[in-house]
Number of protein chains: 2
Amino acid sequence: MAVTIRDVAHASGVHVSTVSRAFSAAHLVNSQTRARVIAAADSLGYRPNRAARALSTRRTGNLGLIVADIANPFFPPLIKAAQAHARRSDHHVFVADTDEQVRAEEELIRSMATQVDGALLVAPRLGNRLITELSADVPFVVVNRRITNLPAVLMDVASGTRQALEHLASLGHREIALLTGPRASWTNQRLERAATDAAEYHGLRLHRLGPNQPTEGGGAGAAPDVLASGATAVLAYNDLVALGLVQELRGRGLAVPDGLSVVGVDNTHTARHCDLTTIDMPTAAAGRAAIDLLLHRITSEDAPGTVTLDTSLVVRGSTAPPAG
Amino acid sequence: MAVTIRDVAHASGVHVSTVSRAFSAAHLVNSQTRARVIAAADSLGYRPNRAARALSTRRTGNLGLIVADIANPFFPPLIKAAQAHARRSDHHVFVADTDEQVRAEEELIRSMATQVDGALLVAPRLGNRLITELSADVPFVVVNRRITNLPAVLMDVASGTRQALEHLASLGHREIALLTGPRASWTNQRLERAATDAAEYHGLRLHRLGPNQPTEGGGAGAAPDVLASGATAVLAYNDLVALGLVQELRGRGLAVPDGLSVVGVDNTHTARHCDLTTIDMPTAAAGRAAIDLLLHRITSEDAPGTVTLDTSLVVRGSTAPPAG
DNA sequence: GATGTTCATGCAACCGTTTGCAGTCTCCCC
DNA sequence: GGGGAGACTGCAAACGGTTGCATGAACATC
């Protein structure tokens, strides 16, 4: 039915192996012959069968991309950039959503393993041991997680966190609440650490509240604790948490930023619309860098590298001097 | 390197064909034999090679999903639902982002064609003729577009539009601006049509302004026209346009909803956060329905169907009675 | 003119599964 | 006890490419 390499060979009067080489090893075939082959292929509408190619080369030309939740606005820009970047080297990308469930994550990785040349794990929830074990089957690059011997791309929230606390301090805030996220999250660890250090440096009191679910619900649920803490400003684990909190507080009659200043993390477009001060994550750049690392890892089996990208504060309307 | 069907055959003392049947046609093999095979496969960690399977069955077990812009918050819930639903029948999903470019769309479809059993085209921008032509190679299901002889899932904005105009009329608005989207968009056509009809029914004056880019920029750019039109309420092509407009107007000192009421379309989570009245699109349901249609189309080559889903208005804080 | 090199191409095995066909074995029935 | 039906299983040919090796031609070297 579909046109195969054999049809092209017949049409251009050469052996199939010559056709194959005309496509995948051009320098091995006479340029005139090659031109004839290409012409025949074009006129027949030949497209190589990737499954067949995969079978003999053991390379599928596919990459996996595993995220916790596509609907979380943090991920799409990363997915988009990664996919576009992968295409430039003729790779296709499977996107899988684990729905924040660890079991699903493992199963997805396993079922993808037979079908991809490598995979990107973005902020995986799986344990280090299991990831290391799985990495025997498929080359991984992890994003926003550190695992020994695995190449990683890190968006370091520390730099942005320092800027955020400096910003709050300069506005006159002294009591800051930190809404922490999942304990296993590398970003959360960096956030806690950087916030603690920066708070000390600026002489601020830091109230850690958490861990919270990294969702609107998590933010809304933290509202009572925030109010009880006496903090005048909040740094939240991510934009969703921040916005969930803002909405809950508004429902209780507390205005932002007049009653309370709020800073998020991620700089999702939602934050842009809601005028939320937030720490910008270079997600698109991270997506591209991760693909580069992965392709490099796949083609040359050498030492893993780590790319660290800095973050920075974006000041918008959700922060202001404390009331009174 | 990887464990193959041959290893399993050897370990369980049967022929490879029996192993194959044990997995893909269980009823053809003795249940005890099958148990032995499965046990051997488990202990060896056997996973069928999908490329090899694809080669002989001409079924890859992969589906394509082509969208204009992953970062547009309209798409992720659909992608997520489609992917999760596809997995239940052991299908993997390639997601491709055309970046709103027609050329990229065609090329992506072509390059996917060899590798998927079928594809979902969500709000494609390509011309009908080309899509029909391409559909000879790959089964398609289109979402939010009508093309003769192609199965489709439609989220009909008409019902929501009627509700929106009724809502605005009941608030006392008489002059409504409609910010239209891309001409080729089926949703836009339905929107214009339904708005025209409903406006007439309620005795409202409808000012059509557009076409606008379906982005924040498009909404912001329409602000001058909206102000000039004298409308007291706006129905925008989608939430992004609506929010772009709101932001631009606020920058010019015009409050929403006090100075102007705004209604969007899509009910993205951004709309939720920004307290935007909007028409809810059942994107997750559409994603599932589209996958069902596609799988059905793939397995039984019969008549294409169309699924139409209704939409409904979600009233939030961006609409109020007109000033004065 | 024998030998060696290089370039271009053909040959055929292989990648891991599936599947039509052809046994073989057991069981049942007349 | 001969014949037929059914249930299993093995055999081997695909599926569509890739690639190591062999072959042959053209050309240079001594």
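Sequence lines set the chain letters: A, B, ... in the order given, protein chains first and strands last, and positions in each chain run from 1. The figures that follow rest on heavy atoms only: side chains count, while hydrogens, waters and symmetry mates do not.
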Are A:Arg110 and A:Glu106 within salt-bridge range, i.e. N to O under 4.0 Å? yes
Got a second to check how far A:Arg53's CZ is from A:Arg59's CZ, nearest 0.5 Å? 11.5 Å
Holding to side-chain contact (heavy atoms from CB on, under 4.5 Å), I want the full list of residues that pass it with A:Ala84, two or more places apart in sequence or in another chain. none
For A:Asn149, is the CG atom crowded, meaning more than 12 foreign heavy atoms sit under 6.0 Å from it? no
How would you list, by chain and number, every residue that makes a ring pair (Phe, Tyr, Trp, His ring centres under 6.0 Å) with A:Phe23, sequence neighbours excluded? A:Tyr46
Looking just at side-chain N and O atoms, do A:Asp117 and A:Thr60 make a donor-acceptor pair shorter than 3.5 Å? yes
Check whether more than 12 heavy atoms from other residues, nucleotides or ligands sit under 6.0 Å from atom CD of A:Gln115, and answer yes or no. yes
To the nearest 10 degrees, how far apart in direction are the end axes of the helix from C:dG1-D:dC30 to C:dC30-D:dG1, each fit to five base pairs? 50°
Table please: side-chain donor-acceptor pairs of residues 2-10 of chain A below 3.5 Å, with sequence neighbours left out.
{"residue": "A:Thr4", "atom": "OG1", "partner": "A:Arg6", "partner atom": "N", "Å": "3.0"}
{"residue": "A:Asp7", "atom": "OD2", "partner": "A:Thr4", "partner atom": "N", "Å": "2.9"}

Min and max contacting nt of DNA chain C in 5' to 3' order, chain A heavy atoms within under 4.0 angstrom, are C:dA8 to C:dG16
Minimum side-chain heavy-atom gap A:Leu295-A:Leu63 below 4.5 Å: yes
Can you give one letter per nucleotide of nucleotides 15-22 of chain D, going 5' to 3': B for a protein heavy atom under 4.0 Å from the base, S for sugar-phosphate only, - for none? BBBBBB--
Test applied, side-chain hydrogen bond (donor to acceptor under 3.5 Å, both in side chains); reference residue, B:Asp97; option that passes from A:Arg87, A:Lys80, A:Gln83: A:Lys80
